[in-house]
2 protein chains.
Amino acid sequence: MSAAHPPPAGRPDPAPSSRRRRHDPDRRDRIVATCLDVLAEHGVAGTSHRRVAAAADVPLGSMTYHFDGMDDLLGAAFGRFAEEAAAAFERRMTAARDLDEARAAVVALITEDVFATRRDLVLTHELYTLAAREPAFRTLTNAWMRRSRRALERHFDPTTTRLVDAFVEGITIHRALDTEPADDADVREAVARLTAGAA
Amino acid sequence: MSAAHPPPAGRPDPAPSSRRRRHDPDRRDRIVATCLDVLAEHGVAGTSHRRVAAAADVPLGSMTYHFDGMDDLLGAAFGRFAEEAAAAFERRMTAARDLDEARAAVVALITEDVFATRRDLVLTHELYTLAAREPAFRTLTNAWMRRSRRALERHFDPTTTRLVDAFVEGITIHRALDTEPADDADVREAVARLTAGAA
DNA sequence: GCATCGAGCGTACGATCGTACGCATGAGCG
DNA sequence: CGCTCATGCGTACGATCGTACGCTCGATGC
């Protein structure tokens, strides 16, 4: 923490300067991105304005300037996270060309670690926990889920979609908790069963 | 919160007094129980020694006396929670007499709110989140899961057990997040499929 | 070129945190 | 009946928190 900013020196590109260097959209983004790192490492409980500011190498004052308090910051950070996760999910699912490929995609999402880096796992649960307790954050998780489901519904009927979605969620938890998770083969088998006749 | 406790009046039995009233095992228990309430309401992030002490109506000093810091307190509280949850789960599952009743029990666990009061949902996720980030708490969740699974394995083979367990977990999340969860009938159907030929 | 104005940040304040330290107090023994 | 000692608690300290306030300073209009 000691010698923070680049400092007086730095400023990579004071160059362009053509028009407003003032309202730097970079700042806000960097804060949001860094906030996710801090959240992944210290959890909501350990995330403070100061810690994020230090990690993002921005002055503390920027925090209250760019965000209306802690909840606003958390909302922005988790919003971005959910956005990216949903996008990745969509990409994966829309790439599938038929039912079998869709099933394979679901299995891949679980077994490969696309969705399962420890970081993402932690962030996901941190968000879920927040949403479970505070309804305000549920609009965020709901939007995320809705989007994921829409992607699944390109291949499965709505009912099957909900079931598969839940199953994926559950397996993901078990992975996050290091509980000896089900074998890949068993997961494949289970997905097959859940989606039997489900176009 | 205002007028909580039974209060100054109470002390049901200062009576016995025959031997040591000093080491009051009640104190510690009440702190642990109250801590769970605080956790459910404010989350790990909002749980402090002071808040718990106030809610449990014990002096602040008791906190550091009975527990070696915050983590110890959290461990004790979540330990009790997991213990109770596992016991309830076991009771439910061991009551089933055959495969069909076992399936019904699993469905009941999901559809009825035995396991799904908002409070328990919140506490569960709060614990999972902690465990996802801090390995120390994973021994706790692992023990819980292992116990739950052993109960399931009275009726299903190990592989099926893991799959069903994951499915239950996933549906539970969806309920916690108020995402429109799957219909009861669909859940029943899904469990049937997952457990087809799984004695 | 200068006056003006708002974007952005440095700093300081009050609240609250976890924890250590030392005293009260009542049980147990002679 | 009094001494002793550990249990249990009141309190105070240093660190850290979120946030408000006011200054700096570059961009813009004349």
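Per chain, numbering begins at 1; letters A, B, ... match sequence-line order. Note that this is a predicted model, so its numbers are computed, not measured.
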Query raised in the report: What's the CZ-C1' distance between A:Arg51 and D:dA15, to the nearest Å?
Result: 13 Å
Report task. Provide, to the nearest angstrom, the distance between the NE2 atom belonging to B:His49 and the P atom belonging to C:dA15. Result -> 23 Å
Query raised in the report: Within this structure, what is the CD1-to-P distance between A:Ile31 and D:dG18, rounded to whole angstrom?
Result: 14 Å
Requested in this report: Could you check how far CE of A:Met70 sits from P of D:dT16, rounded to whole Å?
Outcome: 17 Å
Report task. Answer yes or no: are there more than 12 heavy-atom neighbours, outside A:Glu41 itself, under 6.0 Å from its atom CD? Result -> no
Query raised in the report: Within the structure shown, what part of the strands sits under 4.0 Å from B:Met63 by heavy-atom distance: base, sugar-phosphate, or nothing?
Result: nothing
Query raised in the report: Do A:Thr195 and A:Arg103 have a side chain donor and acceptor closer than 3.5 Å?
Result: yes
Requested in this report: Side chain of B:Leu60 only, please: which of C:dT19, D:dC17, D:dT19 is the nearest?
Outcome: C:dT19
Report task. Give a yes/no answer on whether the side chain of B:Ser62 brings an N or O atom under 4.0 Å of OP1 or OP2 in D:dG8. Result -> no
Query raised in the report: With a 3.5 Å cut-off and no angle check, do the side chains of B:Asp157 and B:Thr160 form a donor-acceptor pair?
Result: yes
Report task. Provide, to the nearest angstrom, the distance between the CG atom belonging to A:Asp71 and the P atom belonging to D:dC17. Result -> 17 Å
Query raised in the report: Can you tell which of C:dG10, D:dC9, D:dG18 lies closest to the side chain of A:Arg50?
Result: D:dG18
Query raised in the report: CZ of B:Phe67 versus C1' of D:dC9: gap in Å, rounded?
Result: 15 Å
Report summary line: Closest to the side chain of A:Ser48, out of D:dA12, D:dG18, C:dC9, is D:dG18
Query raised in the report: Starting at the 5' end of DNA chain D and moving along, which residue's nearest nucleotide shows up first, A:Gly46 or A:Gly61?
Result: A:Gly46
Query raised in the report: Taking the inter-plane angle between the rings of B:Phe81 and B:Trp144 on a 0 to 90° scale, is it parallel (under 30°), tilted (30 to 60°) or perpendicular (over 60°)?
Result: perpendicular
Query raised in the report: Are any of B:Thr64's side-chain N or O atoms less than 4.0 Å away from OP1 or OP2 of C:dT19?
Result: no
Query raised in the report: OP1 or OP2 of D:dG8 less than 4.0 angstrom from a side-chain nitrogen or oxygen of B:Tyr65, does that happen here?
Result: yes
Requested in this report: Taking all heavy atoms of A:Met93 and all of A:Ala105, pick out the closest pair and write down the distance.
Outcome: SD-CB, 3.9 Å
Query raised in the report: Taking atom types as they are modelled, is there a donor-acceptor pair under 3.5 Å from the base of D:dG8 to the side chain of B:Arg27?
Result: no
